[in-house]
Engineer: 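Supplied in structure tokens, the structure appears directly below.
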Amino acid sequence: MRRYGKNTDEDDIRSRPGRRNTRPRTSIRPKHEDAAEGMVLTVDRGRLTCLVEDRVVMAMKARELGRKAAVVGDRVALVGDLSGKKDTLARIVRIEKRTSVLRRTADDDDPYERVVVANADQLAIVTALADPEPRPRLIDRCLVAAFDGGLEPLLVMTKSDLAPPDTLLELYGALDIPYVVTSREELENGSAADRVREQLDGRVTAFVGHSGVGKTTLVNALVPEERRRSTGHVNAVTGRGRHTTTSALALPLAGPVADSWVIDTPGVRSFGLAHVDPSRVIHAFPDLEPGTEGCPRACSHDEPDCALDDWVAQGHVDQARLYSLRRLLASREPTEGD
């Protein structure tokens, strides 16, 4: 125990300041009206890489944002050192309102909702026609997430040299989803990238797909100057590839149309939809939506009293459209091996 002598006038004695001497706290935060606008390109352990005009700037989230996190695609306001020089760090003080969000949960019982990408216009769902085999339920889940988050879906089928696309095209024909079919040879000679690029011009497109389907290889072909290490191995037992993209990354797509972006996301093994309200999915079916006016409250659109059955029976819409809606809604229910 420390003891002091008779002389109490020692320099190292600490005293607690009085209340009048403390700086008063305030809830008023600066508005940062002079903050620069930027776009989040990638996030890595609390550090965010942002594009500010033509400069790549490293930044961190300001404390006043609390638990609100910025994700790839977010439009943000930054202050501080915006030079982009080495060892400099800016501060994100505001996250602008999002136009769309791609969300997922780890599984269907997980209440924690994770935003993967913000402000994307389109979701490119990449699936291989063979090696590994297509997983329609995962495709359905990605479609539900796209419809729920305000993104337009695009179906990209790879490895057509190993299997024909007919079965998948028949399965998703009633949904009227734009699609592109590619082969390994077309990826190598660049023709596949040219056809996919036609669907991406002037848009921000997030690419999603499970490992081994050729998603990152396709992104590398679209943006060759930003080479990403592609999946080099597919497990012969599980039919699944190794994860090679560990975090989402936004890449500018060169071409005649400005503001074209590709966002490569990590390969997924599951796509939880615990956060999705079935009533929001129906908005992606404008031809079916009027028929829900006679539905009971909180109708799941797949029950005996659903008014959509009568709507279809009256000839307003083809039966295949209702089947597609109900198949997508059913994909929200977990099944073994999903």
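Values below: all heavy atoms of this structure, side chains included; hydrogens, waters and symmetry mates excluded.
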Engineer: Side-chain heavy atoms under 4.5 angstrom apart, residues restricted to Ile, Leu, Val, Met, Phe, Trp, Tyr: same cluster for Val115 and Ile92?
Structural biologist: no
Engineer: Evaluate the criterion salt bridge (Lys or Arg N to Asp or Glu O under 4.0 Å) for residue pair Asp309 and Arg326; output intermediate values, then yes/no.
Structural biologist: CA-CA 11 Å; Asp309 290 299; Arg326 288 177 171 169; 3.0 Å; yes
Engineer: Thinking salt bridges, do Arg184 and Asp131 make one under a 4.0 Å N-O criterion?
Structural biologist: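 Looking at Asp131 together with Arg184, the answer is yes, because their closest N to O distance falls below 4.0 Å.
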Engineer: Could Arg197 and Asp194 be called an ion pair, given the rule that one side-chain N must be under 4.0 Å from one carboxylate O?
Structural biologist: yes
Engineer: I would like to know whether Leu123 and Thr205 meet side-chain contact (heavy atoms from CB on, under 4.5 Å); could you show each step before the answer?
Structural biologist: CA-CA 6 Å; Leu123 180 64; Thr205 304; over 6 Å; no
Engineer: With a 4.0 Å cut-off, would you call Glu96 and Arg94 a salt bridge?
Structural biologist: yes
Engineer: If you count every heavy atom of other residues, nucleotides or ligands that lies below 6.0 Å from Glu289 atom CD, does the total exceed 12?
Structural biologist: yes
Engineer: Any chain of hydrophobic side-chain contacts (each under 4.5 Å) joining Leu162 to Val180?
Structural biologist: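 Cluster IDs for Leu162 and Val180 differ.
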Engineer: Quick one: do Arg91 and Glu64 make a salt bridge, cutoff under 4.0 Å?
Structural biologist: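 Yes, Arg91 and Glu64 are salt-bridged.
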Engineer: Check whether any side-chain heavy atom of Met157 lies under 4.5 Å from a side-chain heavy atom of Thr182, and answer yes or no.
Structural biologist: no
Engineer: Using the rule given for side-chain contact (heavy atoms from CB on, under 4.5 Å), can you reason through Phe207 versus Val219, listing the C-alpha separation, both sets of side-chain angles and the distance that settles it, and then say yes or no?
Structural biologist: CA-CA 8 Å; Phe207 278 69; Val219 171; 4.2 Å; yes
Engineer: Of all heavy-atom pairs between Gly73 and Asn119, which one has the smallest distance, and what is that distance?
Structural biologist: O-ND2, 2.9 Å
Engineer: If you take all heavy atoms of Ala70 and Val40, which pair is closest and at what distance?
Structural biologist: CB-CG2, 4.3 Å
Engineer: I'd like to check the ring pair (Phe, Tyr, Trp, His ring centres under 6.0 Å) partners of His283; sequence neighbours left out, ordered by chain and number.
Structural biologist: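 Expected list: none.
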Engineer: Give the minimum heavy-atom separation between Val181 and Glu186, together with the two atoms involved.
Structural biologist: O-OE1, 3.8 Å
Engineer: Check for a donor-acceptor pair, side chain of Ser260 on one end and backbone N or O of Gly202 on the other, with a separation under 3.5 Å.
Structural biologist: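 The answer is yes, because a donor-acceptor pair under 3.5 Å joins these two groups.
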Engineer: For Phe147 and Arg280: C-alpha separation, side-chain torsions, deciding distance, then whether side-chain contact (heavy atoms from CB on, under 4.5 Å) applies.
Structural biologist: CA-CA 8 Å; Phe147 294 145; Arg280 295 201 299 261; over 6 Å; no
Engineer: Report yes or no: do Leu51 and Val93 belong to one cluster of Ile/Leu/Val/Met/Phe/Trp/Tyr joined by side chain heavy-atom distances under 4.5 Å?
Structural biologist: no
Engineer: Cut-off 3.5 Å, side chains only: do Asp318 and Tyr323 have a donor facing an acceptor?
Structural biologist: no
Engineer: Report yes if the side chains of Val116 and Ile263 come closer than 4.5 Å at any heavy-atom pair, otherwise no.
Structural biologist: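 With C-beta onward as the side chain, the pair stays apart.
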Engineer: For a quick test of reading the model, state the closest non-hydrogen atom pair linking Ala145 to Leu102 and the distance between them.
Structural biologist: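 Heavy atoms of Ala145 and Leu102 come nearest at CB-CD1, 3.9 Å.
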Engineer: Using every non-hydrogen atom in the two residues, find where Lys159 and Ala130 come nearest and quote the distance to one decimal.
Structural biologist: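 Looking at all heavy atoms of both residues, the shortest contact is CD-O, 3.3 Å.
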Engineer: Report whether Met58 and Val71 are members of the same hydrophobic cluster (ILVMFWY, side-chain heavy atoms less than 4.5 Å apart, transitive linking).
Structural biologist: no
Engineer: So, for Ser160 and Leu129, which heavy atoms are closest and what is the spacing to 0.1 Å?
Structural biologist: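 So the two residues come closest at CA-CD1, 3.6 Å.
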Engineer: Is there a donor-acceptor pair under 3.5 Å between the side chain of Tyr172 and the backbone N or O of Pro136?
Structural biologist: yes
Engineer: Run the salt bridge (Lys or Arg N to Asp or Glu O under 4.0 Å) test on Asp44 and Arg47 for me, step by step, so that the C-alpha distance in whole Å, both residues' side-chain angles and the decisive distance to 0.1 Å come before the verdict.
Structural biologist: CA-CA 5 Å; Asp44 182 18; Arg47 292 292 186 266; over 6 Å; no
Engineer: Just checking, is any N or O donor in the side chain of Ser191 or Asn189 under 3.5 Å from an acceptor N or O on the other one?
Structural biologist: yes
Engineer: Salt bridge or not between Arg104 and Asp148? Use side-chain N to carboxylate O under 4.0 Å.
Structural biologist: no
Engineer: Hey, any chance Leu65 and Val101 share a hydrophobic cluster, counting ILVMFWY side chains that come within less than 4.5 Å of each other, even indirectly?
Structural biologist: no
Engineer: Can you confirm whether the side chains of Glu170 and Thr167 place a donor and an acceptor under 3.5 Å from each other?
Structural biologist: no
Engineer: Let me see the working for Arg98 and Arg75 under side-chain contact (heavy atoms from CB on, under 4.5 Å), right down to the final yes or no.
Structural biologist: CA-CA 8 Å; Arg98 293 164 174 166; Arg75 303 288 176 174; over 6 Å; no
